[in-house]
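Inspection log for the structure reproduced underneath, given as structure tokens.
Model, not experiment: these values are computed from the prediction.
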Amino acid sequence: MADAPGTPTLRAALVGIDFGTGDFAASLEELSLLARSAGADPITTITAKRSSPDPAFFVGSGKADEIALDAKALGAEIIIFNHALSPAQQRNLERRLELRVIDRTSLILDIFAQRAKSHEGKLQVELAQLQHLATRLIRGWTHLERQKGGIGLRGPGETQLETDRRLIGERVKMLRARLAKLRKQHETQRRQRGRNKTFSVSLVGYTNAGKSTLFNTLTKAGVYVANQLFATLDTTSRRMYLNDEVGSVVISDTVGFVRELPHQLVAAFRATLEETIHADLLLHVVDSASPTRMEQVEQVNEVLREIGADHVPQILVWNKIDAAGLEPGIERDEYDKINRVFISAHSGAGLDLLRSAIAEAAASAPGSGGYSNPENEEQDEAFGLAEDDASVDAHPGGLADNMPTSTHVRPN
């Protein structure tokens, strides 16, 4: 969706239908952030209440005519729905509104396409886009013929639409094969880290919760950070020294999640998300200043269940406490295990407690007894795990002695 640098952004009309479930206002606010992240300029938000979607237009024919009038009066160039539209609904709306219409899934896919930087990330996004668009073909993919020679490509009796579908099917098959190869490479890297007894930590969380800021603060990695949704897509891993007892751990920053994350993206990014499945510990970063933080926590946990990572030990990292008016601290469960840490990645408040929590989890992990043997550092670097400068200063008695045993900070 984003235009080339220097060109005006698309003027977008946002449409949200309240079906009486969830936080409708928060969902609309998130849609606006998604639209801006994609490069659009939301100029109006059109809302309505319905008990169920209209099969033909999703919003009903009368509301569709109202959207058309408002969009024309305001000079909108694109209509963005805060819902997943069927191919028929999207086609009907575009004919009725005489404007381009995209749904929430297409919007998120567009953002991912803009943000993907690595070769693997681009392959994953392309696969997700093709799978989504395969059901919406209207003579739009004949350019793929040029990749295979064009003339002579069509089979006997094939219509143009059938040819396009076959071309996309072949491209999808090729992309899956490439991603399968990359997946094997990831497995090799994980086995190597396992032989080195390297404790693995993955940052997970809702998009824009501050994961990349926290990752940079802990590891000095310099990962791109911006106040926008899905600022980073590609997984980045660094080694981080904790103390003499534990040594170094590997910490990874992964793609952020969002409500109603398209299934195609979850499937396509499985190779990337599997970094969380094989982690020894998940740091679930939460925006403590967000009024919908508990709903966001559940959305992330839902995706973790979908990819099979719900069994991995997890610590909730209550980030942005400076904006929420909270104090640094930790909370423990009934088994005296740390289950929540209150920090600010921006100011650095509470980061010593977080490092202590990671060190405690690593020290108590099955088979622990020191990680990241120094003689394996060259092997780690060969797998892209650079040593960072964010080591914790040694304290007399160890880090655990400086960590409070409880806190009374309990936000709603």
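Smallest separation of non-hydrogen atoms from Thr217 and Ala345: OG1-O, 3.2 Å. Across every non-hydrogen atom of Ser61 and Arg96, the tightest pair is CB-NH2, 3.5 Å. Shortest non-hydrogen contact noted between Ser37 and Ile111 is CB-CD1, 4.0 Å. When all heavy atoms of Asp54 and Val59 are compared, the pair lying nearest together is CB-N, 4.1 Å. When all heavy atoms are compared, the tightest approach of Ala357 to Ile315 is CB-CD1, 4.1 Å. Annotation for Leu242 and Arg355: closest pair CD2-O, 4.0 Å, computed over non-hydrogen atoms.
Remark: Leu130 CG to Met174 CE distance equals 9.0 Å, nearest 0.5 Å. Of the inter-residue distances, the one linking Arg176 atom CZ with Leu123 atom CG reads 13.5 Å to the nearest 0.5 angstrom. Summarising the geometry, atom CG belonging to Leu33 is positioned 9.5 Å from atom OG1 belonging to Thr207; distances are rounded to the nearest 0.5 Å. The CZ atom of Phe24 lies 5.0 Å from the CG atom of Asp18; values are rounded to the nearest 0.5 Å. Once rounded to the nearest 0.5 Å, the distance linking CD of Gln314 with CG of Asp310 reads 9.5 Å. Distance check, rounded to the nearest 0.5 Å: CD1 of Ile78 to CG of Leu10 gives 5.5 Å.
The side-chain contact (heavy atoms from CB on, under 4.5 Å) test applied to Pro291 returns no partner, not counting sequence neighbours. Partners of Glu29 by side-chain contact (heavy atoms from CB on, under 4.5 Å), not counting sequence neighbours: none found. Applying the ring pair (Phe, Tyr, Trp, His ring centres under 6.0 Å) criterion to Phe19, with sequence neighbours excluded, gives Phe58, His83. Asp322 is linked by a salt bridge (Lys or Arg N to Asp or Glu O under 4.0 Å) to nothing, counting only residues two or more places apart in sequence or in another chain. Legend: residues meeting ring pair (Phe, Tyr, Trp, His ring centres under 6.0 Å) with His284, ordered by chain and number and at least two apart, are absent. The side chain to side chain donor-acceptor pair (under 3.5 Å) test applied to Gln296 returns Ser290, Thr292, not counting sequence neighbours. For the side chain to side chain donor-acceptor pair (under 3.5 Å) test, no residue two or more places apart in sequence or in another chain qualifies with Thr45. A search for side-chain contact (heavy atoms from CB on, under 4.5 Å) contacts involving Ala68 returns Leu97, not counting sequence neighbours. Looking at residues two or more places apart in sequence or on another chain, you find no side chain to side chain donor-acceptor pair (under 3.5 Å) involving Thr44. For Asp70, the side chain to side chain donor-acceptor pair (under 3.5 Å) test picks out no residue, with sequence neighbours left out. Partners of Ala25 under the side-chain contact (heavy atoms from CB on, under 4.5 Å) rule, at least two apart in sequence or in another chain, are Asp23. In this structure, the salt bridge (Lys or Arg N to Asp or Glu O under 4.0 Å) partners of Arg305, at least two apart in sequence or on a different chain, are Glu298.
In this structure, the side chains of Leu14 and Ile46 stay at 4.5 Å or more apart for every pair of heavy atoms. You'll find the side chain of Leu93 stays beyond 4.5 Å of the side chain of Ile79, heavy atoms only. In this structure, the side chains of Thr198 and Val249 stay at 4.5 Å or more apart for every pair of heavy atoms. Using a 4.5 Å cut-off on side-chain heavy atoms (C-beta onward), Val312 and Leu281 make no contact. Contact of the Arg340 side chain with the Phe342 side chain is registered, since non-hydrogen atoms from C-beta on lie closer than 4.5 Å. Side-chain contact between Lys320 and Asp287 is present, with at least one heavy-atom pair separated by less than 4.5 Å. Between Leu326 and Ser288 the shortest side-chain heavy-atom distance falls below 4.5 Å. Between Asn82 and Ile17, the closest side-chain pair of non-hydrogen atoms is not below 4.5 Å.
A donor-acceptor pair under 3.5 Å links the side-chain atoms of Asn92 to the main chain of Ala56, judged by distance alone. Here the side chain of Tyr335 pairs no donor or acceptor atom with the backbone of Ile338 at under 3.5 angstrom. A distance-only check finds no donor-acceptor pair linking the side chain of Glu94 to the backbone of Arg91 [under 3.5 Å]. Although no hydrogens or angles enter the test, the distance criterion places a donor-acceptor pair under 3.5 Å between the side chain of Gln90 and the main chain of Val101. Looking at Lys63, its side chain does come within 3.5 Å of a backbone N or O of Thr47 through a donor-acceptor pair. Formation of a donor-acceptor pair under 3.5 Å by the Arg11 side chain with backbone atoms of Leu74 is found in this model. Judged by distance alone, with hydrogens and angles left aside, the side-chain atoms of Asp103 form a donor-acceptor pair with the main-chain N or O of Leu85 at under 3.5 Å.
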Does Trp318 form a side chain to side chain contact (heavy atoms under 4.5 Å, CB included) with Arg293? I'd like the steps, not just the answer. CA-CA 10 Å; Trp318 233 242; Arg293 55 186 174 270; 3.7 Å; yes

Stepwise side chain to side chain contact (heavy atoms under 4.5 Å, CB included) test for Leu203 and Val317: CA-CA 10 Å; Leu203 297 177; Val317 180; over 6 Å; no

Evaluate the criterion side chain to side chain contact (heavy atoms under 4.5 Å, CB included) for residue pair Arg104 and Glu30; output intermediate values, then yes/no. CA-CA 11 Å; Arg104 183 184 178 88; Glu30 186 172 277; 2.5 Å; yes

Given Leu179 and Leu127, is the side chain to side chain contact (heavy atoms under 4.5 Å, CB included) satisfied, shown in steps? CA-CA 9 Å; Leu179 288 171; Leu127 175 59; 3.6 Å; yes

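Side-chain atoms of Thr213 and Asn216 include no donor-acceptor pair closer than 3.5 Å. Asn319 and Ser344 share no donor-acceptor pair across their side chains, judged by distance under 3.5 Å alone. In summary, the side chains of Tyr206 and Glu295 do not present any donor paired with an acceptor at a separation below 3.5 Å, with no hydrogens or angles considered. A donor atom on one side chain and an acceptor atom on the other are found under 3.5 Å apart for Ser106 and His132. Side-chain N/O atoms of Asp253 and Ser212 include a donor and acceptor closer than 3.5 Å.
A salt bridge links Arg166 with Glu170: the closest approach of a Lys/Arg side-chain nitrogen to an acidic carboxylate oxygen falls below 4.0 angstrom. Salt bridge annotation for Glu360-Lys337: absent, with no cationic side-chain nitrogen under 4.0 angstrom from a carboxylate oxygen.
For the side chain to side chain contact (heavy atoms under 4.5 Å, CB included) test with Leu316, the passing option among Val285, Val286, Leu283 is Val286; the others fail.
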